[in-house]
Amino acid sequence: MIILQIIIVISLLLLSPMTANASVSNWQKGVTIEPNSPTALGSEDLKQSLSNLSNTHANFVTFIIPYYQSSTSSVDLAPGWNTPTDDALIAGIKTAHSQGLKVMLKIHPELMNGDWRGYIDPTDRAAWFQKYGEILNHYAVLGRENQVDAICLGAEMFKLTTPQANSQNTGFWRDLIDQVRSQYSGLLTYSAQHTYPNEADEIEFWDKLDFIGFAAYFALSAEETNPSLESLKASWEAINQSRIAPLYQKWGKPIIFTEIGYRSLVNSHADPWDWGRQGAVDEAEQARDYEALFSYWDSQSFMQ
């Protein structure tokens, strides 16, 4: 079975009738699919998943492409247990297009031990970026040849993106983006960590990309249990004014939520990033969290 992650990718997923006629008419609306084997994206399960997705009036799907390294300091990025083969990935892209869906490829450096990719901090930075550049350029060519609409160049790797973490990072990324642009003319973004460390605020290469991307697992009304819709929207207003609108104003780039999601769990608004927490089922809270998400951001013209 393909794993449909409980996150929303390339901005906001419009699944419910209440958001079918959003005032922001050009939202990218989709979900992320993470493969659970090298051939999963070419499977019949994938075809059924994409058929189900298309029936929700989504217009995008993102395929995660994980690469693994043995430690935080190593440079041995390589395909792993669920990295899609090129044949499977191309089959998935063709299936998505046949369902009327646009496609984003999202490359994820990962650690073999399962730790967060944000801890990756290679000893030999130049060698790591050379290897990562080879990976990105491979998918840039594959994306060009298969009419892929967007590529997300990485996710939540603050030790590799911000000059505060390392003064060489910005130069390496600007070179990487130039390399990818030379091979691929579609949309490019990067998925920044939502909160401390404030990766999105610290990145200095947003001008080279088409969108500012957030993995937007912000805590909403964190001190409240069972918050109202208006309280949740007020939380979004505070986050927007302090974190998101200033980035748009600084860089003049539209915003996308490359990841966001809420579980059907009590108080999921308070820690949406915590995919492992246990608790009582609460579908009403989940629905309210999504309603606040859609209804608030529908009024923000820079949200794509």
Side-chain angles (χ1 to χ4, degrees), residues 5-13 32 62 64 72 106-111 114-121 152-166 169-170 173 189-206 209 211-225 227 231-251 253-263 265-277 279 285-286 288-290 292-294 296-297 300 302-304:
Q5 289 191 314
I6 310 174
I7 63 177
I8 297 175
V9 168
I10 321 176
S11 185
L12 307 178
L13 170 62
T32 286
T62 290
I64 286 181
T72 57
K106 190 165 186 268
I107 293 81
H108 275 204
E110 301 284 7
L111 290 163
D115 283 348
W116 182 40
R117 72 186 72 90
Y119 298 137
I120 296 173
D121 191 13
C152 183
L153 299 175
E156 300 176 311
M157 300 186 294
F158 73 96
K159 289 190 175 182
L160 286 160
T161 59
T162 70
Q164 288 81 350
N166 188 287
N169 284 342
T170 300
W173 275 96
T189 191
Y190 172 84
S191 180
Q193 163 73 359
H194 72 288
T195 185
Y196 181 83
N198 292 329
E199 184 184 17
D201 299 337
E202 297 175 3
I203 282 174
E204 294 184 357
F205 53 82
W206 289 126
L209 300 174
F211 299 99
I212 295 173
F214 268 101
Y217 299 115
F218 295 98
L220 304 178
S221 305
E223 302 304 316
E224 295 184 44
T225 297
S231 178
L232 293 168
K233 291 171 67 175
S235 289
W236 273 124
E237 171 67 12
I239 292 164
N240 185 21
Q241 294 305 318
S242 64
R243 294 293 313 284
I244 298 177
L247 274 174
Y248 169 71
Q249 292 159 3
K250 177 179 179 179
W251 295 100
K253 296 288 183 176
I255 305 295
I256 62 173
F257 285 171
T258 41
E259 297 183 26
I260 192 165
Y262 301 98
R263 298 170 65 203
L265 192 69
V266 167
N267 291 335
S268 59
H269 65 281
D271 55 359
W273 62 86
D274 189 352
W275 57 268
R277 178 170 67 84
E285 157 141 351
Q286 183 184 43
R288 193 165 57 250
D289 293 344
Y290 278 114
L293 175 73
F294 296 139
Y296 177 80
W297 287 106
Q300 308 299 314
F302 59 80
M303 171 60 67
Q304 301 298 311

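Just so it is clear, the values below take in all heavy atoms, side chains as well, and ignore hydrogens, waters and symmetry mates. Computed from a predicted structure; not experimentally measured. Positions are given from 1, in the same order as the sequence printed here.
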Discussion item. Is any side-chain heavy atom of W173 closer than 4.5 Å to one of T170?
Written reply: no
Worksheet entry | S235 side-chain N/O to S221 backbone N/O, donor-acceptor pair under 3.5 Å | yes
Worksheet item: Got a second to check how far N240's CG is from Y248's OH, nearest 0.5 Å?
Response: 11.5 Å
Fill in: Any donor-acceptor pair under 3.5 Å from S268 side chain to R263 backbone
yes
Worksheet item: Once you round to the nearest 0.5 Å, how far does CD1 of I203 lie from OG1 of T162?
Response: 7.5 Å
Worksheet item: Is there side-chain contact between T258 and Y190, with heavy atoms separated by less than 4.5 Å?
Response: no
Item to complete: Assess the pair W236 and F257: is the distance between their ring centroids shorter than 6.0 Å?
Response: yes
Fill in: Within-4.5 Å side-chain heavy-atom neighbours: W297 and F302
yes
Item to complete: Working to the nearest 0.5 Å, report the span between NZ of K233 and CZ of R288.
Response: 13.5 Å
Discussion item. Is there a side-chain contact (heavy atoms from CB on, under 4.5 Å) between L160 and R117? Walk through the geometry before answering.
Written reply: CA-CA 10 Å; L160 286 160; R117 72 186 72 90; over 6 Å; no
Discussion item. Do Y296 and L232 have side chains that approach each other closer than 4.5 Å (heavy atoms only, starting at C-beta)?
Written reply: no
Discussion item. Looking at every heavy atom in both Q241 and P246, which two are closest together, and how far apart are they?
Written reply: O-CG, 3.3 Å
Response to the item:
Output for pair (E202 CD, F158 CZ), nearest 0.5 Å, gives 9.0 Å
Worksheet item: Roughly how far, to the nearest 0.5 Å, is OG1 of T189 from CD1 of I212?
Response: 8.0 Å
Worksheet item: Once you round to the nearest 0.5 Å, how far does CG of D289 lie from CG of N267?
Response: 9.5 Å
Worksheet item: How close do K106 and S191 get, heavy atom to heavy atom, and via which atoms?
Response: CE-CB, 3.9 Å
Worksheet item: Is the shortest heavy-atom distance from the side chain of W273 to the side chain of T195 under 4.5 Å?
Response: no
Item to complete: Without swapping roles, check the side chain of N198 against the backbone of D201 for a donor-acceptor pair under 3.5 Å.
Response: no
Fill in: Closest non-hydrogen atom pair between D271 and R277, with its separation
OD2-NE, 2.7 Å
Worksheet item: For the residue pair K159 and G118, what are the closest heavy atoms and their distance?
Response: CG-O, 3.6 Å
Item to complete: Please examine the side chains of L153 and I107, heavy atoms only from C-beta on, and report whether any two atoms are closer than 4.5 Å.
Response: no
Worksheet item: Do you know the tightest heavy-atom contact between L220 and Y262?
Response: CD1-OH, 3.4 Å
Worksheet item: In this structure, which one of H194, E259, Q193 forms a side-chain hydrogen bond (donor to acceptor under 3.5 Å, both in side chains) with Y217?
Response: E259
Item to complete: State whether a side-chain donor-acceptor pair under 3.5 Å links D115 with T72.
Response: no
Practice prompt. Could you label the plane-to-plane angle of the W116 and Y119 rings as parallel, tilted or perpendicular, counting under 30° as parallel and over 60° as perpendicular?
Written response: perpendicular
Worksheet item: So, for W206 and A192, which heavy atoms are closest and what is the spacing to 0.1 Å?
Response: CZ2-CB, 4.0 Å
